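Below you'll find the structure, written out as structure tokens, and then a few comments.
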Amino acid sequence: MGVQPLALLSELLNAIVCSKKTVQSFKHISLKALAGLLLSVLLVALMALVLLNSGSVDRAARALAMQLFQKELHGRLEMDELHLTFPNHVTLLHPRVYAPNEREPVVEAARMTARFHFLALLQPDIKKLAFQSFEAQRLKVRLVQNEQGSLNIERAFASRYPDTTKTGIEEYFCKQLSLKQASFSYSFIKNGKEIPLARANNINAQLRSFTAGKALVKGEIQEFQSNIASHALVVQKMQGRFFFSDKRSEVLDLQTRIGNSHAILSASLAGVSLFTPSLLEQVARSNAFVAIEELDLHSDDVKRLFPSLPLLEGIYQVKATAKQQNGTLELREAQLVYRKSKLALQGTIQHPFESNKLQYNLQCDSSKVSSELLTALITNKEDQQLVTSLKSIGDITLAGKLSGNLSALQADVQSRTNVGMVGFQGAIERQPNNSFAAHGNVALNALKPHLIVGMADVKSQLNATGTMELLVEPNALPCLLYTSRRG
């Protein structure tokens, strides 16, 4: 018997209907399962978020941090509280680090806040730790050097396993570093007593792209203010970039204002490391470039650093470009200006940091010593005749060449004043008994002696050339130099 067409068509339609119902049922079940899975993941994430931000995790993290610090380092870490805010926010309340067997902390802060992915600490052999931001409020750093020359901060952060092959974190990077109301002090122990050497308070700083590693510190100072209490100086402004490594030290585009002084300069010293001793020896051997665009030093600020330095009151202005290579310093357009006086030099100085080897070959151009400066150097009221003579002479304009060392000077100079012109070509030498001997050729042109001695009603003029030999004993130095040294 054959299959009837109508019956076959009916069975086919029933199969199609049943298949559509099965597919729809599968989709429905799948959607429910997917929704359940997503809900479960969300619940787990919320539970993890609550757990990570809970006080129990904070307490566990605080205990673990202090335990790990003391396990790896000789110092001791303490803190009042630690707060973790998932996923990248950490806050420490009153953290402090102590050197071994000390009661006063080396480093402490009222509050430290950092933004970084702290789960990255779980990675094995992490070499670099990067912070998006780090802020320290009322940070206090107290450095004390003991009688053996060791700093307390070195002892606090000294590794318990110095011979291990495990390197740990080698570099720290912070995109934005902020210090608010920080302070710093440095002192040393002598005969059992702590003697303060330097102290700075009210430090507020903003640094960008700050990097610290083994023999490496670099970054950009966006803002810096401080009160250097140990020297009664106020750093009102500081901006610029810095780079210090074991092979090079440099500051670029540094702009600073301290007290009544300010500076704009750049300096790069290849072969100089701040992380090793004998800094002066390194500078003497370095290849360096220094560009002083502006340097205004007020006498009051300088005397706070060097109280015994005799300086007339006022601002000393310095501009210079200098290059040092292979022990030779080349000066390019170096200028020192004090009020109406100016000293302009260019030339070379060999071995400038070694007095026994120092040699110079300098050219003096467009320099001037004002009568105001010369009379200000005379502090003895009995020398009024000398003051009158100097006022008659007026400003002294100098030009010429100087060469020699610290014991002997070869000179070829010309001077112009209100009373005429004087030229000298010869040598000045220091004798074994510290006297000075001068000899050479002297030229006088249109010299007016009557103005020097104050005889206004007489006219005179002198033109002469000749040779000169002069010996000045130590106890017979001109009064002008003597009073200047006393002042």
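Worth saying up front: this structure is predicted, and the values here are computed from it rather than measured. Along the sequence shown, residues carry numbers from 1.
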Any chance you could lay out the side chain to side chain contact (heavy atoms under 4.5 Å, CB included) test for Leu143 and Asn152, step after step, and finish with the verdict?
-> CA-CA 6 Å; Leu143 301 184; Asn152 54 352; 4.1 Å; yes

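- Phe242 contributes atom CZ, which lies 10.5 Å from atom NZ of Lys218 (distance to the nearest 0.5 angstrom).
- Scanning all heavy atoms of the two residues, the minimum distance from Leu312 to Ser299 falls at O-CB, 3.5 Å.
- Between Leu309 and Lys303, every side-chain heavy-atom pair lies at or beyond the 4.5 Å cut-off.
- Side-chain N/O atoms of Asn227 and Gln225 include no donor and acceptor closer than 3.5 Å.
- For the atom pair OG of Ser415 and CG of Asp395, the computed distance is 12.5 Å after rounding to the nearest 0.5 Å.
- Between Ser133 atom OG and His89 atom NE2 the span is 7.0 Å, to the nearest 0.5 Å.
- Under a 4.0 Å N-O distance rule, the pair Asp301/Arg304 qualifies as a salt bridge.
- Ser150 contributes no side-chain N or O that, together with a main-chain N or O of Asn146, makes up a donor-acceptor pair within less than 3.5 Å.
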May I have the step-by-step check of side-chain hydrogen bond (donor to acceptor under 3.5 Å, both in side chains) for Gln137 and Glu135, ending in yes or no?
-> CA-CA 7 Å; Gln137 298 179 8; Glu135 179 182 297; 2.9 Å; yes

Residues Asp412, Gln414; criterion side-chain hydrogen bond (donor to acceptor under 3.5 Å, both in side chains); working and verdict = CA-CA 7 Å; Asp412 184 0; Gln414 297 79 40; 3.2 Å; yes

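- For Glu147, the CD atom sits in a packed shell: over 12 heavy atoms of surrounding residues, nucleotides or ligands are nearer than 6.0 Å.
- Summarising the local packing, NZ of Lys401 is surrounded by 12 or fewer heavy atoms from other residues, nucleotides or ligands at distances under 6.0 Å.
- Taking CD from Gln363 and OG from Ser403, the interatomic distance works out to 12.0 Å, rounded to the nearest 0.5 Å.
- Between Glu333 and Gln335, the side chains place no donor N or O within less than 3.5 Å of an acceptor N or O (distance only, hydrogens not considered).
- Residues Lys340 and Ser370 approach most closely at CB-CB, 3.9 Å, considering heavy atoms.
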Please report the C-alpha distance between Lys323 and Glu330 in whole Å, then the side-chain angles of each, then the deciding distance to 0.1 Å, and finally whether the salt bridge (charged side-chain N to carboxylate O under 4.0 Å, His left out) criterion is met.
-> CA-CA 5 Å; Lys323 179 182 179 182; Glu330 180 184 356; 5.8 Å; no

Verdict with reasoning, Arg96 to Asp80, per side chain to side chain contact (heavy atoms under 4.5 Å, CB included) = CA-CA 9 Å; Arg96 47 208 184 273; Asp80 291 351; 3.2 Å; yes

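- A donor-acceptor pair under 3.5 Å links the side-chain atoms of Arg160 to the main chain of Leu73, judged by distance alone.
- To the nearest 0.5 Å, atom CG of residue Leu331 and atom OH of residue Tyr360 are 13.5 Å apart.
- A donor-acceptor contact shorter than 3.5 Å links the side chain of Gln239 to the backbone of Gln222.
- Leu265 contributes atom CG, which lies 10.0 Å from atom CG of Leu252 (distance to the nearest 0.5 angstrom).
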Going through the distances and angles, do Arg241 and Ile221 end up as a side chain to side chain contact (heavy atoms under 4.5 Å, CB included)?
-> CA-CA 6 Å; Arg241 292 173 289 154; Ile221 303 174; over 6 Å; no

Can you check side chain to side chain contact (heavy atoms under 4.5 Å, CB included) on Met79 and Phe69, steps first, answer last?
-> CA-CA 12 Å; Met79 67 185 79; Phe69 187 97; over 6 Å; no

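- For NZ of Lys247, the number of neighbouring non-hydrogen atoms (other residues, nucleotides, ligands) closer than 6.0 Å is 12 at most.
- Residues satisfying the ring pair (Phe, Tyr, Trp, His ring centres under 6.0 Å) criterion with Tyr316, sequence neighbours excluded, are Tyr338.
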